[in-house]
Each structure stands twice: as C-alpha cells, then as structure tokens.
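All of these numbers come straight from a predicted model, not from anything done at the bench.
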Amino acid sequence: MIEKFDNDRRVLELLSQSFPTVSSASTEIINLEAILNLPKGTEHFVADIHGEDEAFSHILRNASGNIRRKVNEIYSTSMREEDIRALCTLIYYPERKLELIKEEEADLGNFYNITLHRLVKVCRSVSSKYTRSKVRKALPKEFAYIIEELLHEEHTDYDKQAYFSRIIETIISTGQADAFIVAICNVIQRLSIDQLHILGDVFDRGPGAHLIMDMLCHYDRFDIQWGNHDALWMGAGAGNTCCIANVLRVSLRYGNMTTLEDGYGINLLPLATFAMDVYGDDDCRQFLPKLSDTTDAAGIPDEKTQMLMAKMHKAIAIIQFKLEGQMIAKRPEWKMAHRNLLHLIDREKGTVLIYGTEHPMLDTNFPTVDTTDPYALTCEEERLVERLRHSFLVSDKLRKHINCLFSHGCMYAITNGNLLFHASMPLNADGTMMDVDINGEKFHGRELLHRVGMMMRAAFNTDTPADVRDFAIDFYWYLWCGTDSPLFDKAKMTTFERYFIADKATHKEDKGHYYTLRDNPDICNMILDEFSVKGEHRHIINGHVPVRTIKGESPVRAGGLLMVIDGGFAKAYHNTTGIAGYTLIYHSRGLQLVQHEPFSSTEEAVTQGTDIRSTTQLVELSNQRQRVRDTDKGSELQAQINELTELLYAYRHGLIKERTK
C-alpha cells in the first residue's frame, strides 16, 4: 500500500506542475466534464485508394457528401438547387472557384456579402459539436479572431447583428474577402471530418500516390493500417531489389510513370536504354500497358511510347523473376521454391512445366536467361539493378512519405470498438489462429501483426543489428507475396502465369482460410476477442478484396460484425466492382456506408459544379446519440478527471502543497 501511495504521489506531483492550484485543477475538471458530453466526432474510413488522387481529394473536400448534406439542411428552403451546388463547389475548391466567379460576377461586393454570411452559417453548423478550444486550433492564424467572433455571435441580439454585419463589410472593404473565403472554406472542410482512417493501399494503379501522400502528410488527424502495396513501396524504399522490380513492373503494367518519375525522381532512363538494347526486335505484346480502364483519353501515350513501355515492362519482369529466385534460395524457410519457374521452361517445345503439367507459352524470347543458370543476372542486369536501387535509396521524397507512413501507421488499429487491418488474419482450416514463422519464431493473432510491424520498422532503424536488419529488408518481399503473409494470405501470386500462359485456370490464386471463414460471426467474434476489442457494437473493418457490388456482393458481412470497404477507388477496378469506392462513416448516430460513383475530374467539378454521386446505406443506428464519453477518447478524459480529482483531494488534505506564487 505504501509503495502504491508513493507511485500515486509521484503521478500527482507531476500533475501538479500543470495544475498548481485547487482552482486550476477544478477548472480543468469542469472543462473535461463538458467535453465528455459533446457529440462524438465523425470518423471516416477509406480503403484501397490506389493512386486516385483526384477522387480521394474530392472526397476529403466534400467529406464524403457530408458537407452537401449540411448545406441542404440549412438552405434547401431558401436557395435554388444551382445556388446550393455553386456554394458547395466554392467550399470544396475555393481558390479555383473564386477565379471563375470574378470573371463572371458583375457585382462582386454583393456576392461577397451574401456568400460570407452563408459560409459563416455553414461553418457554425459543422463546428457545433466541438469545443471552442478545438475549433480555435483549426482556424488559420491570420483570421482566427474574426472567424471565432462570427461563429459565436448571438442571432437574437440586434447590437450583435450590427457588429456581425460590420465585420463582414470591413472584410470586403479591406480587400480581404477572397483570402477570408478561402480560409473559412478550409475550416469547414477540416471540421467536417474529425478522424480519417486509411485501411491501406495508397500506392499503385492510379497516377497520384505521391500526391495522396502529400495530402496525408499535411493532414494531422489520420491513421493508416498498411496494405500490401504500401509495404511493397516501403520495401523498395528500404532497398529490397525484389520489391523495386515489382514496383516498376506494376507501374509499367498500368502505364503509370508519374508517381515514379515526377513524384519520387526515379531515373528510368537506364531501364529504357537496357530494354531497347535487349528487346528492340521484340514486339512484347504480352507486356503492353493496360490503359483502357485506367487512363483518360487525353493521357494515353502514343503508340511509340506504349511500345517502349512494353519493352521496359518485359525487361523488369524477367529481372524480377530472377531476383525472386535468388531471394527464395536465400530464404528457404519461406517455402516458396514452387514459385521458381524459369528453370522449367522448355524453349524448344515452347512450354513450361507447372505442377507436373506442360503448358504452351505465349512468349519464349528470353535472351538474358541462361538455361544453365536461369536465375543469374547478366552483368548488364546487375548494373541496372544497382542503379535502380540507388535511385530509390536516395529519393528524399519517398523517404519522407515512408516516415509519414511510420509515424501515422501500423499493421492494425483498435478505435471505438472497431478493429482495423488491411487484408487478413491468417487462420487454420478449423478457424484457429495460424502460427506464422518470423525469423525463427512463431506468432499468431495480435502478436503476429505486432511483430510484423516491428520487423517493418527494423528495416529502417540504423541501430538494428545487421543480420536482423538484412532479414527485415528481405521480409518486405514476403509480406508482398508470401503464402502466410497477413497482407497477402494466398497460396501463390501467379504473376508468371498471367504473362506467359493463356489457360486462365493457371492464373487462379487460392485465398487463405480467413477469406472463406470471415463470414462466420463466431470467427469474427474470436478475432475480436483475440484483440481485446470491447463494446456491444464492435466490428472488424477490412479492405484489400474488391467488393463486387455489380454481382450483388455486400460489404457488410457476418451479421454486421465485418465490413469490407474496398469498393474500387482505382479505375482499373470499376468494371469489377461496378462502383468507385466506399466511405464508412461513424458519427454520433451510428454507422453509414457511402457508396461512390466514378469521379469525372477536378476540372469538371470546378467549372460545372459536378460532385461525386453517392448513395448512403444505414449500417447501424444507435438509439441514443453517442457522446465523447462513449469513445476511447472519453475513456482517456475520464482517467484524467479521476487523476485531477485525486489531486484535488491531495491539495485539500495537505498531502501536496499548492504551488501559489
């Protein structure tokens, strides 16, 4: 008991430095109790963005349709539809919309006056669930005082109304209207989403992963659960040559050079030169980029460029198979020797032997593959790989974005009764947790995801022992395509077969047991118990596997315990899913799933006022409005209140002296 009292006393002594008097401690308790009774902030869950920066940016700007809903609630009876649409567009894209308005508007003063009043009203609505302190932190410094005054003026007070109007008039007369409009629109956007959860896969497919990462690095209220494509790029950034080859191959497959070249400054000239030297007479038709589903007509490269990309694509694919063969030999414990296929090619017959069956090949032109040592790189390939590796290692922008992924991310998260992870929880056929070997030790469940996350970090920690760091760097490739990887969890990745074998039966990638068992509520409850997720309304939220809405699949499974929210942000998946992404919204009234239609373009949104058409499905409605006290944050605040209450007791009974001057 004495030891416990001494420990408590040390905590209270430390707390007394921040709250040195009875008055200051009491005031903080009052403040925290008030916060506990505010409505719960709105959380947004998004998965598998896959480089679609314009669509993602728009969803952030319109808060997945929430801002439009707020504007409709306020002005549906007093404004025409076209005016509501114009006001929403201004809120989403204030700088660009103002440019157009100033070209067309005859009476700018009148426009400014009306618009500023309207924007203040919208801002007041979206800020109503937050404390003044939290709203104040969201305000731009140059206009913080003015916006705060406008948000808290009294409607029924005539003198206050005159004060309010005079502020608006002065903003206009001093030439600050444009800057003020931009500022308050940004505040509306900022306050419309309290917390953003990204369930993995920022990278690949679309052209703007680097732009998405720029947005997130400046967005202070987000967390990310890493996906397999994120891990692939992180591994490339760590110098894993297998990951580098896969990154380049996937980018070339989808005709996406923007992220590599413009985003991260990766020099692709050596690869282009090598490809032209080796495959100059090869049409490489199996390697032409997949552009029709992913690229707007204006962005489709000309035929000559496409042919060059195809040659580069084939060159890096062959290099990838060689590098992976070397990695498989280096790490036999991963049991992936069945993925070594180069030595099973019979060039004379034009076939490849896979699992005892000969399959005709679509392409047998492999000038760099030595039949006596098929997994050895040529001297030219070795030099190319080293130059590419150097390019990834010295990319400051890529390292900055990886650091952002580390500072805001991990393999899983538990928030307000929801367990978030990108892909899978490896399971045995009977539904029990599978033990997965990581560098000689076996882990399952929560400990598995924790150890995977620690290993990923170890690859970038210079103080990690050399042998452990070497394994950690290699491990990124296993996470990408390893059988028991929680980011993959399939029997195999059939990259070789998809390029070289026409028989689609060989392309099949059998999923792990999690994907077949996760519709069972008992399995979901077992996983939730493993992670100690509490609450009457608890859920698992995943991405990774596109939900084929077009075929009647539902994102809500296992009786509501599981939500799979990969709706196909990437244009490459639109034909598969039939939609263009989901946002799961968790607000004070419950859970809503917002289903998005394809986004046209930012240009069209600004000039024509188009918005992403979204439909909302109610997933779970609460009988009582949730308050902050019902959240994880509420538990933290209640713990602070309890400590402050103990501090008050200590002050009043002389156990700790007040720090009065």
Side-chain angles (χ1 to χ4, degrees), residues 57 60-63 66-80 82-193 218-220 602 605-607 609:
S57 174
L60 282 189
R61 291 171 182 273
N62 78 354
N66 190 48
I67 290 176
R68 175 61 186 257
R69 182 178 62 82
K70 287 281 187 183
V71 173
N72 277 333
E73 287 176 358
I74 298 168
Y75 293 117
S76 60
T77 59
S78 59
M79 288 175 62
R80 295 177 301 175
E82 62 188 80
D83 294 329
I84 288 177
R85 188 167 62 248
L87 181 61
C88 288
T89 303
L90 178 65
I91 293 172
Y92 307 156
Y93 303 99
E95 296 95 339
R96 296 183 62 177
K97 188 63 177 176
L98 280 170
E99 290 177 7
L100 295 178
I101 289 169
K102 287 192 289 186
E103 291 176 1
E104 302 169 357
E105 181 61 54
D107 188 349
L108 269 178
N110 185 51
F111 163 78
Y112 285 141
N113 198 310
I114 293 171
T115 301
L116 285 168
H117 278 83
R118 287 172 174 172
L119 289 173
V120 168
K121 201 168 183 179
V122 175
C123 192
R124 188 180 298 126
S125 175
V126 299
S127 66
S128 61
K129 64 168 61 176
Y130 303 117
T131 64
R132 286 196 180 193
S133 174
K134 186 165 185 174
V135 172
R136 191 178 298 122
K137 291 175 183 177
L139 302 180
K141 291 181 180 179
E142 62 270 28
F143 294 117
Y145 173 76
I146 299 172
I147 294 177
E148 192 169 5
E149 287 292 293
L150 293 175
L151 291 181
H152 300 105
E153 62 89 19
E154 190 64 47
H155 300 277
T156 57
D157 189 322
Y158 176 80
D159 291 331
K160 277 285 187 179
Q161 282 285 0
Y163 171 68
F164 177 89
S165 297
R166 189 57 186 160
I167 290 176
I168 298 291
E169 292 168 7
T170 306
I171 290 170
I172 298 169
S173 66
T174 56
Q176 292 295 300
D178 283 5
F180 191 85
I181 286 172
V182 171
I184 200 166
C185 288
N186 289 335
V187 171
I188 292 169
Q189 291 180 32
R190 182 181 176 86
L191 294 178
S192 294
I193 300 175
H218 292 92
Y219 201 93
D220 58 350
T602 301
V606 174
T607 58

Side chains of I67 and K70: does their closest heavy-atom pair fall under 4.5 Å?
no
Identify the heavy atoms of K97 and T89 that sit nearest to each other, and give their distance.
CD-CG2, 3.8 Å
Using side-chain heavy atoms (C-beta onward) and a distance below 4.5 Å, is M79 in contact with R118?
yes
Salt-bridged, E99 to R96, with N to O below 4.0 Å?
no
Side chain to side chain donor-acceptor pair (under 3.5 Å) assessment of Y75 paired with D83:
CA-CA 10 Å; Y75 293 117; D83 294 329; over 6 Å; no
Any non-hydrogen side-chain atom of S125 less than 4.5 Å from a side-chain atom of I74?
yes
Would you say F111 and K102 make side-chain contact, with heavy atoms under 4.5 Å?
no
Set of ring-ring contact (aromatic ring centres under 6.0 Å, His included) partners for Y130, sequence neighbours left out:
none
Do the side chain of S127 and the main chain of R124 share a donor and acceptor less than 3.5 angstrom apart?
yes
Mind running side chain to side chain donor-acceptor pair (under 3.5 Å) on S57 and R61 for me, showing each step along the way?
CA-CA 6 Å; S57 174; R61 291 171 182 273; 3.1 Å; yes
For I184 and I91, run side-chain contact (heavy atoms from CB on, under 4.5 Å): C-alpha distance rounded to whole Å, both residues' side-chain angles, the deciding distance at 0.1 Å, then the answer.
CA-CA 8 Å; I184 200 166; I91 293 172; over 6 Å; no
Would you say H117 and F164 make side-chain contact, with heavy atoms under 4.5 Å?
yes
Can you tell me if T174 uses its side chain to pair, donor with acceptor, with the backbone of I171 under 3.5 Å?
yes
Decide, yes or no, whether a salt bridge links E148 with R136 under the criterion of side-chain N to carboxylate O below 4.0 Å.
yes
Please report the shortest heavy-atom distance between F143 and A183, naming the atom on each side.
CD1-CB, 3.7 Å
Would you mind reporting whether K137 and T131 have side-chain heavy atoms less than 4.5 Å apart?
no
Minimum heavy-atom distance between D178 and L98, given as atom pair plus value:
O-CD1, 3.8 Å
CG of N113 to CG of L108, rounded to nearest 0.5 Å, is 12.0 Å
On a heavy-atom basis, which atom in V187 and which in C123 lie closest, and how many Å separate them?
CG1-SG, 3.7 Å
Measuring only between side-chain heavy atoms, which start at C-beta, is N186 closer than 4.5 Å to P140?
no
Can you tell which of I147, I114, L150, L87 makes a side chain to side chain contact (heavy atoms under 4.5 Å, CB included) with L119?
L87
Mind listing the closest non-hydrogen atom pair of G109 and I172 along with its distance?
O-CD1, 4.0 Å
What distance do N62 atom CG and S192 atom OG have between them, rounded to the nearest 0.5 Å?
9.5 Å
Check whether any side-chain N or O of Q189 sits under 3.5 Å from a backbone N or O of Y92 as a donor-acceptor pair, and report yes or no.
yes
Show your reasoning for whether side-chain contact (heavy atoms from CB on, under 4.5 Å) applies to I84 and R68.
CA-CA 8 Å; I84 288 177; R68 175 61 186 257; 3.7 Å; yes
Let me see the working for N66 and R69 under side chain to side chain donor-acceptor pair (under 3.5 Å), right down to the final yes or no.
CA-CA 5 Å; N66 190 48; R69 182 178 62 82; 2.4 Å; yes
Rounding to 0.5 Å, atoms CD1 (I167) and CD (E169) come to a distance of 10.5 Å
